[in-house]
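Notes for the one structure printed next.
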Amino acid sequence: MPYQNTLDFSKGMDEKDPLKSFRDKFHSPSFHDNEVVYFTGNSLGLQPKTTGAYIQKELDAWAKYGVEGHFLAEKPWFSYHEFLTEKAAKIVGAKPEEVVVTHSLTTNLHLLMVSFYRPEGKRTKIICEAKAFPSDAYALESQVKFHGLNTETDLIEIAPREGEYLINEEDILNKIAEVGDELAMVMIGGVNYYTGQLFDMNKITEAGHAVGATVGFDLAHAAGNINLKLNDWGVDFAAWCGYKYLNSSPGGVSGMFVHERHANSPQLPRFAGWWGYDKETRFQMEPGFKPMYGAEGWQLSNAPVLGMAAHLASLDLFDEAGMDRIGAKRDSMTAYLEFVIEDISEKNKDRCTLEIITPKQVAKRGAQLSIVAHGQGKALFDELTLQGVIADWREPNVIRIAPAPLYNSYEDCYRFGQYLQNAIQ
Ligand SMILES: *Cc1c(COP(=O)(O)O)cnc(C)c1O
């Protein structure tokens, strides 16, 4: 369908949107004179209107029952995480036993790497992406050092080719084959946080396994955004956070995935805590760690119930909408936003060019578009903020925006274009 950069057209698209009723299920920021365009769901998702009630329910149970809430609360805290498992598993394309929600993202990445980065003999190397999210870079670096190895030789970063923004996927696959039996693990962001590039996780997993390495992904920018199939793809492990596309409160709980083939591997080394202990006999408090079957066996601590309640509020909305419908709107709305930006760029070409560095191919991206504003700079971003756009600026010159299918509208995309036009003036 030919798009038009007009208010009427965008409203027409919203009218036909099967998910249109979800926008009203979220609080929208209201701190600005202009109507805010919130395009940072990839950084902190908006608050579902139901979140408060979900949390209040657990506060009430705490008030009423004290410690007995572990068993007497309507959703007993003892097994609270189990209420989230199936819904989280659906979002990442996993079986329930492969997923657990607990801790925070970087913690979970470390816990998983303790089990799945097991350098031995000459098989010591990790392949990751260059300019990974800083927390991932630090986590990888410290894992290598933890094993007494050398980051110069054992951490291999795949960078975009000279003069390019995106990583050529062939370069990852070729490097995996080349490192071969020296490769211990591949760990990459499923969607690159900076460019929005989506990697073929299936292919990368196959390539890693072909040379005998384990393969894991950081899905911070993929969970709730991309239609994932972690079980089918055979990925060994993955972790993601609940607060970006999954709208589950600032610093909210994280999810982790361990493939079913590792579900019953008590011999896999891990950093253990009591909540990973076989729940049938946990309270006999015997010495000697006996891990639970599946991903639950990587839990350390009893669940932070208030954060879990916030996550459950959002997971229920995802469940209602379904990732298929979310994915369809994501592609259509992102394409419309891309059209609007290109239209504004064309109309202002004497002043600046807006280059979208995110892949054009729908199969290679999710909801995020990263824009380089040639001939402008931070000043343009600051002006956009003054207009009412909540977006994200990354040095040296990238504006990242992400329309979230559950609460953003086509009209937001149109409005963004108008604010952008005003900001360029
Ligand atoms: C957001 C993000 C993080 C943040 O980690 P926390 O432990 O939740 O603070 C880490 N890695 C990536 C790739 C991210 O996008």
Side-chain angles (χ1 to χ4, degrees), residues 39-46 84 88 91-92 100-114 116-117 126-143 155 157-160 166-167 172 185-199 201 204 215-226 228 230 235 237-257 271 298-301 303-304 306-308 310-311 314 358 365-370 390-395 398-402 404:
F39 275 169
T40 23
N42 57 341
S43 188
L44 179 66
L46 290 181
L84 289 79
I91 288 174
V92 296
V100 69
V101 174
T102 187
H103 316 137
S104 56
L105 170 55
T106 308
T107 308
N108 283 342
L109 276 180
H110 272 302
L111 292 173
L112 291 164
M113 287 197 281
V114 162
F116 293 102
Y117 176 51
I126 298 176
I127 285 180
C128 63
E129 85 244 60
K131 287 217 288 175
F133 191 87
S135 198
D136 297 35
Y138 304 144
L140 287 163
E141 198 184 299
S142 60
Q143 285 283 332
L155 204 48
E157 295 185 347
I158 312 293
L166 303 174
I167 292 175
I172 302 178
M185 180 179 76
V186 179
M187 215 300 281
I188 291 181
V191 172
N192 182 273
Y193 82 99
Y194 188 75
T195 61
Q197 179 178 13
L198 165 63
F199 293 107
M201 292 179 243
I204 292 173
V215 181
F217 294 97
D218 183 330
L219 301 177
H221 286 269
N225 175 23
I226 304 299
L228 299 162
L230 297 183
V235 171
F237 69 94
W240 55 95
C241 51
Y243 53 82
K244 290 177 179 163
Y245 290 97
L246 293 175
N247 318 315
S248 301
S249 82
V253 288
S254 156
M256 57 175 148
F257 166 91
F271 286 170
W298 272 264
Q299 293 171 107
L300 296 183
S301 306
L306 301 184
M308 302 288 267
H311 195 27
S314 178
T358 307
R365 71 182 186 197
Q368 178 181 326
L369 295 176
S370 299
I390 317 293
D392 180 88
W393 169 260
R394 291 286 150 145
E395 295 292 339
V398 169
I399 297 171
R400 301 186 312 157
I401 49 176

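Atoms within a ligand are numbered from 1 in the order they appear, just like the ligands themselves. Just so you know, these numbers come straight off a predicted model, no measurement behind them.
Protein heavy atom in closest approach to atom 3 (C) of ligand 1: Phe133 CE2, 3.3 Å.
By the 3.5 Å distance cut-off applied to N or O atoms, Tyr243 is counted among the residues near ligand 1. In terms of polar-atom proximity, defined here as any N/O pair under 3.5 Å, Lys244 does make such a contact with ligand 1. For the pair Thr107 and ligand 1, the shortest N or O to N or O distance does not fall below 3.5 Å.
Residues Met201 and Leu198 meet the side-chain proximity criterion, which asks for heavy atoms closer than 4.5 Å. At a threshold of 4.5 Å between non-hydrogen side-chain atoms, the residues Thr102 and Ser301 do not count as touching. Between Trp240 and Phe217, every side-chain heavy-atom pair lies at or beyond the 4.5 Å cut-off. Residues Asp136 and Tyr193 form no side-chain contact, since every pair of their non-hydrogen atoms from C-beta on lies 4.5 Å or further apart.
Tyr245 pairs with exactly one of Val191, Asn225, Ile91 by the side-chain contact (heavy atoms from CB on, under 4.5 Å) rule, that one being Asn225. For the side-chain hydrogen bond (donor to acceptor under 3.5 Å, both in side chains) test with Ser104, the passing option among Thr106, Asn108, Thr107 is Thr107; the others fail.
When non-hydrogen atoms are compared, ligand 1 lies under 4.0 Å from the backbone of Leu105 as well as from its side chain. Only the side chain of Asp136 comes within 4.0 Å of ligand 1, judged by heavy-atom distances.
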Query - Stepwise side chain to side chain contact (heavy atoms under 4.5 Å, CB included) test for Leu109 and Gln143 - result: CA-CA 10 Å; Leu109 276 180; Gln143 285 283 332; over 6 Å; no
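Near Thr106, the atoms of ligand 1 lying under 4.0 angstrom from a non-hydrogen atom of the residue are 5 (O), 6 (P), 7 (O). The atoms of ligand 1 that sit less than 4.0 Å from any heavy atom of Asp218 are 11 (N), 12 (C), 13 (C). Within ligand 1, the atoms closer than 4.0 Å to a non-hydrogen atom of His221 are 15 (O), numbered from 1 in the order shown.
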